[in-house]
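Order of appearance sets the numbers: ligands from 1, and atoms from 1 within every ligand.
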Amino acid sequence: MPRVFSGIQPTGNLHLGNYLGAIRNWVLMQQGNECLYCIVDLHAITVRQEPQALSASTREVTACLIAAGIDTRASILFNQSQVAGHAELAWIFNCVARLGWLNRMTQFKEKAGKDRENASVGLYAYPNLMAADILVYRATHVPVGEDQKQHLELARDIAQSFNHQYGVEFFPLVEPVITGPATRVMSLRDGTAKMSKSDASDYSRINMTDSPDAIAQKIRKARTDPHPLPGDPAALAERPEAANLVNIYAALSNSDAAAVLSAFDGAPFSRFKEKLAELATQVIAPMTGEMRRLLADQGYIDAVLRDGAGRARSLAEPILREVHRIVGFVQG
Ligand code: TRP
């Protein structure tokens, strides 16, 4: 069975973009794969985090993943810091990756901004840790969004370079499983910007914890244009806000834009938005309820993470032992 690994940042305010773009895919990939899903708290501290908020977000993301359908018996769900092997292999990869490779990473440039001197070393080495996350399990398939593609290419370079340097065929070349453009959820206020937890306006996103009333209101207020819906997806090319709402509808109903438009051809947005709000509530409300129920029992959440970490450790241990042997570390 192919081994799948993916990571998600422990951030509060999970929204519909996280769900449709990543989480839902993770749930689907459980069929026919051995899956490890990791809440990447080590990655999170590459920028400043409030300790209490970090713990709370880690538990919140865990609850959301379970509520969305991650089966904690079939899949391994855990937080990164509980499995020391990630940090350990990341160090070894720090010694494999070249400065020149990391200098090309566009995410670092974006996140570090103008004050690069003041960025943490961890933020710079972030992609090496990401490579370690995957390769400490020798996972081959990695579902990620478009924005992580460059990091995965780096993981391939690291694997290849390690294999070459030590004359082994040890690490596999990872394959990105890129989630399609249909699940790129954009802001409800601006059809050209990604839906994001850091957008100042809460009206730009549908949070996984929004009430049905809040969902309906946000969709009602979502930016659109004055024209009715067209019958054909090609006509949405210059209408980003309309395209976004249609894509969300399609994703939520497991359908596609063409099918949605043939059902709503000529409809005004008022009617379409009403139906979209109903659909979004149908999908989100049960998850919100389940999340709340799970979060009320912190002991249960922590036990899930502890159990996942234990199972992850037993997969990583023999691989790390082999890495030590290959590198020439003397072992007890
Ligand atoms: N960097 C990823 C993100 O921000 C999260 C991540 C960390 C990840 N380690 C990973 C994703 C390993 C896939 C595989 O979305």
Side-chain angles (χ1 to χ4, degrees), residues 2-15 17-27 29 33-47 49 54 57-58 61-62 64-65 70 75-90 93-94 97 102 105-112 120 122-159 171-179 183-185 194-198 308-309 312 315-316 319:
R3 187 173 282 178
V4 167
F5 183 96
S6 198
I8 187 167
Q9 294 261 2
T11 53
N13 260 350
L14 283 172
H15 53 69
N18 302 119
Y19 175 66
L20 292 175
I23 297 172
R24 196 176 64 152
N25 249 357
W26 290 15
V27 174
M29 288 195 81
N33 297 298
E34 179 188 19
C35 298
L36 292 115
Y37 293 131
C38 182
I39 298 147
V40 293
D41 47 10
L42 296 177
H43 277 105
I45 62 161
T46 56
V47 295
Q49 299 289 338
L54 179 61
S57 304
T58 302
V61 172
T62 307
C64 185
L65 290 169
I70 298 297
S75 300
I76 299 181
L77 178 61
F78 68 109
N79 59 312
Q80 193 180 24
S81 60
Q82 286 203 59
V83 183
H86 291 243
E88 184 185 331
L89 187 60
F93 287 171
N94 283 345
L102 290 176
M105 295 295 114
T106 55
Q107 187 174 292
F108 174 75
K109 290 179 202 168
E110 276 161 32
K111 284 201 181 175
S120 73
L123 188 66
Y124 186 70
Y126 181 113
N128 296 346
L129 176 59
M130 187 164 155
D133 294 339
I134 302 160
L135 293 171
V136 80
Y137 305 105
R138 298 214 277 183
T140 48
H141 291 68
V142 183
V144 285
E146 237 358 278
D147 62 327
Q148 295 298 312
K149 225 175 138 177
Q150 195 186 31
H151 288 161
L152 276 198
E153 271 154 27
L154 190 91
R156 289 169 72 95
D157 290 342
I158 289 175
F171 286 121
L173 299 187
V174 297
E175 291 291 342
V177 182
I178 303 278
T179 59
T183 50
R184 249 193 112 202
V185 179
K194 245 174 102 167
M195 186 176 283
S196 156
K197 61 145 190 140
S198 47
L315 294 179
I319 295 171

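- Ring centers of Y137 and H86: under 6.0 Å apart, within the cut-off.
- Distance alone, capped at 3.5 Å, is enough to place a donor-acceptor pair between the Y37 side chain and the W26 backbone.
- Protein heavy atom in closest approach to atom 10 (C) of ligand 1: M130 CG, 3.4 Å.
- T106 and Q150 share a side-chain donor-acceptor pair at under 3.5 Å.
- Residue-level proximity to ligand 1 for D147 is absent, since no heavy atom of it falls below 4.0 angstrom.
- The closest side-chain donor-acceptor pair between D41 and S81 falls under 3.5 angstrom.
- With a heavy-atom cut-off of 4.0 Å, H151 does not touch ligand 1 at all.
- With ligand atoms numbered from 1 in the order given, ligand 1 contributes 13 (C), 14 (C) to contacts under 4.0 Å with heavy atoms of V142.
- With hydrogens left out, the protein atom closest to atom 1 (N) of ligand 1 is Y126 OH, 2.7 Å, a heavy atom.
- Considering backbone and side-chain N/O atoms, S6 never comes within less than 3.5 Å of an N/O atom of ligand 1.
- Under the 3.5 Å distance criterion, with hydrogens and angles disregarded, a donor-acceptor pair is assigned to the side chains of Q80 and H43.
- Nearest protein heavy-atom contact of atom 5 (C) of ligand 1 is G7 O, 3.6 Å.
- Of the N or O atoms in D133, one or more lie within a sub-3.5 Å distance of an N or O in ligand 1.
- Between F78 and F5, the angle of the ring planes goes over 60°, which puts this pair in the perpendicular group of the 30/60° scheme.
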